[in-house]
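Taking it in order: structure first as structure tokens, then the write-up.
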Amino acid sequence: MTEFIDDELMSATFMYCLRRLGSTADAEDLAQDIMCEALAGLKKSSHIENLDAWYWTLARNRLCVYLRKKKYNAAPIEEFGGIIAPDTSPCDAIIGAEDNARLNAALSRLSAIHRKVIVAFYLRGESIAQIARRLNVPEGTVKRRLHDARNDARKGFDEMEKTGRSAFAPADLDLSGGYGVPVYWDKISDTMTKQIFVVCREKAHTVREIADEIGVAPAYFEDKLKYLVENKFIKETQPGRYLTDFIIIPRQAKYDFVYESSVIFENIGAELTDTIASVMDRIRSLGFYGCDFEFSYLLWILYVCAASALSNEMLDAYRKKWDVPSGNGKPYRIDGSVQMPDETIKYRKIKKVSWSNLHKNFTTSDYREVCHANLYEYEPFPDRDNIITEQNADPVMKIFDNPAFRLTPVQEEMAAELIGKGYIRRDGSGLHLTMPVMTYGQKSVIEQMLVEPVKPLAEKYLEPMSKLLERVILPHIREDLLEEYVNWKVSVSFYPIGNVFYYGMYEGKTLMMPEDFRSTAAGIALYYRK
């Protein structure tokens, strides 16, 4: 039975003593005393059912003797009952009864799989064989989990000394994405989830390590972690170790890139305006609803088409130098930038506006698909994502088909609301939509019309933008995320829509600016399929 005394136990004993005495020299003396007493006891006893409980009970008794001796100079061990039977709290096997609160905190920070074996072995008194049978795993697996759980508990105490008892300052993580990201947004944008993303952004971590970093017990985020893994925001690199599966770069690198790219794209607004003007007659000839609107009004949607054509041309050329797949197997794209609590960001003025867009699809009585494309979903426009809904999409398309369509009283109320929002106007001939409406086919033709004119611009900007990306962004990209870098991060970086809108709104003033941004359909388009 003396093989029970091993290096791991000696190390644990020393740490037990050090935490209670605060002196390395005193801890070494007491640990040696405990070891000698344990060896003597093992030689005398032919059978001890629970060695762990027996040993740590002995250790606590020797600690009491040691403390009493230091206070009163001498005291026989019999005064404390000798080596008592192991009927005290099994919590003593880890840290001692006086630290029960810390034990509970440490256990709460273990993963579920480790909590089960710790509770079963120490708190319920089950044998390894019993635990193995109940969990339907080999006894060796139970022993390994107990070993790992003990180590995790000790590490948990160390972490609590550093962070668990101090105020928690979360990192600031900004997320952005495309395609199906809105479906997941509510589940990934809370503070706790963002902290998990940040902790696991560079290397894989265990559940306990994540818990220590974010200051939250695993019980509160294990279901969340499961959701993130199932939906591929985080991947399990090996059993029990988790790694964020999308790009997160430092906030300073992001702003440095935005500033330098704005300098490179300084003239892109004027250049794309000229490009659109060069094919404007052909665009109007398509005959879609709104093709006769003023050029400055149509630019709100045509700028998006032109910037997309430019980005796609640049991306196609850039992809040729990278041997990466063309998809990530996810229905969304996402990336982020992080600012740690102790970081200060250097900002520089840029000629660019923030920009986002959102498309919502509906089915009506006459159309199998109607898309409400909010192509400027950002300030100074208010939230316009829910102006056209499942309830009013049908009368909107009825008005599109026939301005004199006879609306029901309920539909009249809907139309009145849309008039107030600037989506419909009324004149002597009836009701008219105020945004361009076109088929998906017409939309594709417009995009194709812009491809050839933007090619010279794509060639002009490809090299400086590529060098900038590889100098500022690429050093922060993990090798396993090169697909995300090439097919998403680069694509977004090549897309100068914020620079173009800044030019159109403030410098070139090419855009028709609404008198009231709360009552306008500028930047809105409807696409449909019969």
Side-chain angles (χ1 to χ4, degrees), residues 169-179 181-182 184-185 188-191 193-203 233-234 243-266 268-269 307-308 310-311 314-315 318 322 328 330 332-357 377-379 461-503:
D172 182 25
L173 176 65
D174 282 340
L175 296 174
S176 60
Y179 303 102
V181 154
Y184 306 90
W185 199 252
I188 64 171
S189 57
D190 60 281
T191 300
T193 302
K194 288 183 175 182
Q195 300 317 299
I196 295 173
F197 288 151
V198 171
V199 169
C200 299
R201 73 190 185 281
E202 293 179 345
K203 66 177 183 177
F233 291 96
I234 281 179
L243 184 67
T244 299
D245 199 25
F246 61 87
I247 291 169
I248 298 177
I249 65 172
R251 183 74 50 78
Q252 187 64 65
K254 172 187 174 181
Y255 282 118
D256 288 345
F257 177 82
V258 169
Y259 172 76
E260 294 191 46
S261 65
S262 292
V263 174
I264 293 173
F265 279 133
E266 184 177 7
I268 194 64
S308 297
L310 175 68
S311 173
M314 293 173 66
L315 182 61
Y318 188 76
W322 295 88
N328 64 356
K330 306 173 188 178
Y332 59 82
R333 289 286 190 177
I334 189 171
D335 70 289
S337 69
V338 62
Q339 179 180 355
M340 303 308 290
D342 57 348
E343 288 183 322
T344 301
I345 302 300
K346 178 183 178 181
Y347 298 94
R348 288 176 283 186
K349 186 177 180 180
I350 57 174
K351 295 181 178 181
K352 182 177 182 178
V353 297
S354 296
W355 176 86
S356 180
N357 75 110
E377 186 209 19
Y378 215 85
E379 297 177 355
Y461 289 110
L462 178 60
E463 183 177 356
M465 286 298 296
S466 298
K467 288 181 177 179
L468 176 61
L469 276 162
E470 291 166 14
R471 175 168 55 85
V472 178
I473 303 298
L474 187 57
H476 302 288
I477 307 299
R478 299 196 322 251
E479 187 175 353
D480 61 305
L481 291 177
L482 281 176
E483 190 282 332
E484 300 275 354
Y485 165 74
V486 173
N487 293 309
W488 176 246
K489 193 65 181 175
V490 173
S491 175
V492 173
S493 301
F494 283 166
Y495 191 49
I497 191 63
N499 311 83
V500 175
F501 273 125
Y502 181 91
Y503 170 83

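For clarity, every value in this text was computed on a predicted model and none was experimentally measured.
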### Query
What is the distance from atom CG of L175 to atom CD1 of I334, rounded to the nearest 0.5 Å?
4.5 Å

#### Entry: Residues, nucleotides or ligands: over 12 heavy atoms within 6.0 Å of Y378 OH
no

### Side-chain donor/acceptor of S311 to backbone N/O of S491, under 3.5 Å
yes

#### Entry: Residues Q252, Q339; criterion side chain to side chain contact (heavy atoms under 4.5 Å, CB included); working and verdict
CA-CA 8 Å; Q252 187 64 65; Q339 179 180 355; over 6 Å; no

### Query
Considering only heavy atoms from C-beta outward, does the side chain of R333 approach that of E484 to under 4.5 Å?
yes

### Query
Partners of Y495 by ring pair (Phe, Tyr, Trp, His ring centres under 6.0 Å), sequence neighbours excluded?
W355

### Straight-line distance of K330 NZ to Y179 OH, nearest 0.5 Å
14.0 Å

### Query
Just wondering, do L481 and D245 contact through their side chains at under 4.5 Å, heavy atoms?
yes

### Message
If you define the side chain from C-beta out and look only at heavy atoms, does anything of E266 sit under 4.5 Å from Y503?
### Response
no

### Task
Starting at OH of Y461, measure out to CD1 of I268 and round the result to the nearest 0.5 Å.
4.5 Å

### Query
Between the main-chain N or O of L173 and the side-chain N or O of K194, is there a donor-acceptor pair closer than 3.5 Å?
yes

## Note on the structure
The reported gap from NZ in K489 to CZ in F494 (rounded to nearest 0.5 angstrom) is 12.5 Å

### Task
Considering non-hydrogen atoms only, spot the tightest contact between N499 and S262 and give its length.
ND2-OG, 3.4 Å

### Query
Under a 4.5 Å cut-off applied to non-hydrogen side-chain atoms, are E377 and S356 in contact?
yes

### Task
Mind checking the CD1-CD spacing from I264 to E463? Nearest 0.5 Å is all I need.
10.5 Å

### From CA spacing to verdict: side chain to side chain contact (heavy atoms under 4.5 Å, CB included), E343, V338
CA-CA 10 Å; E343 288 183 322; V338 62; 5.9 Å; no

Mind listing the side-chain donor-acceptor pairs of residues 469-479 below 3.5 Å, one per line with the distance, residues two or more places apart or on another chain?
unit_1	atom_1	unit_2	atom_2	d
E470	OE2	Y318	OH	2.7
E470	OE2	K321	NZ	3.0
R471	NH2	E260	OE1	2.5
R478	NE	D480	OD1	3.0
R478	NH1	R201	O	2.7
R478	NH1	T244	O	3.0
R478	NH2	T244	O	2.8
R478	NH2	D480	OD2	2.9

### Summary
Closest heavy-atom pair, P496 versus L310, reported as atoms and distance to 0.1 Å, is CG-CD2, 3.8 Å

#### Entry: side chain to side chain contact (heavy atoms under 4.5 Å, CB included) assessment of I350 paired with Y502
CA-CA 10 Å; I350 57 174; Y502 181 91; over 6 Å; no

## Note on the structure
Here the pair of heavy atoms bringing S176 nearest to W185 is N-CH2, 4.4 Å

### Task
Considering only NZ, NE, NH1 and NH2 on the basic side and carboxylate oxygens on the acidic side, decide whether D256 and R348 come within less than 4.0 Å.
yes

### Task
Just do the side chain to side chain contact (heavy atoms under 4.5 Å, CB included) check on S261 and M465 with the steps written out, would you?
CA-CA 7 Å; S261 65; M465 286 298 296; 3.9 Å; yes

### Query
Atom CZ in F233, atom CZ in F246: separation rounded to 0.5 Å?
7.5 Å

### Summary
What one should report as the nearest heavy-atom pair of L482 and W322 is CD2-CZ3, 3.8 Å

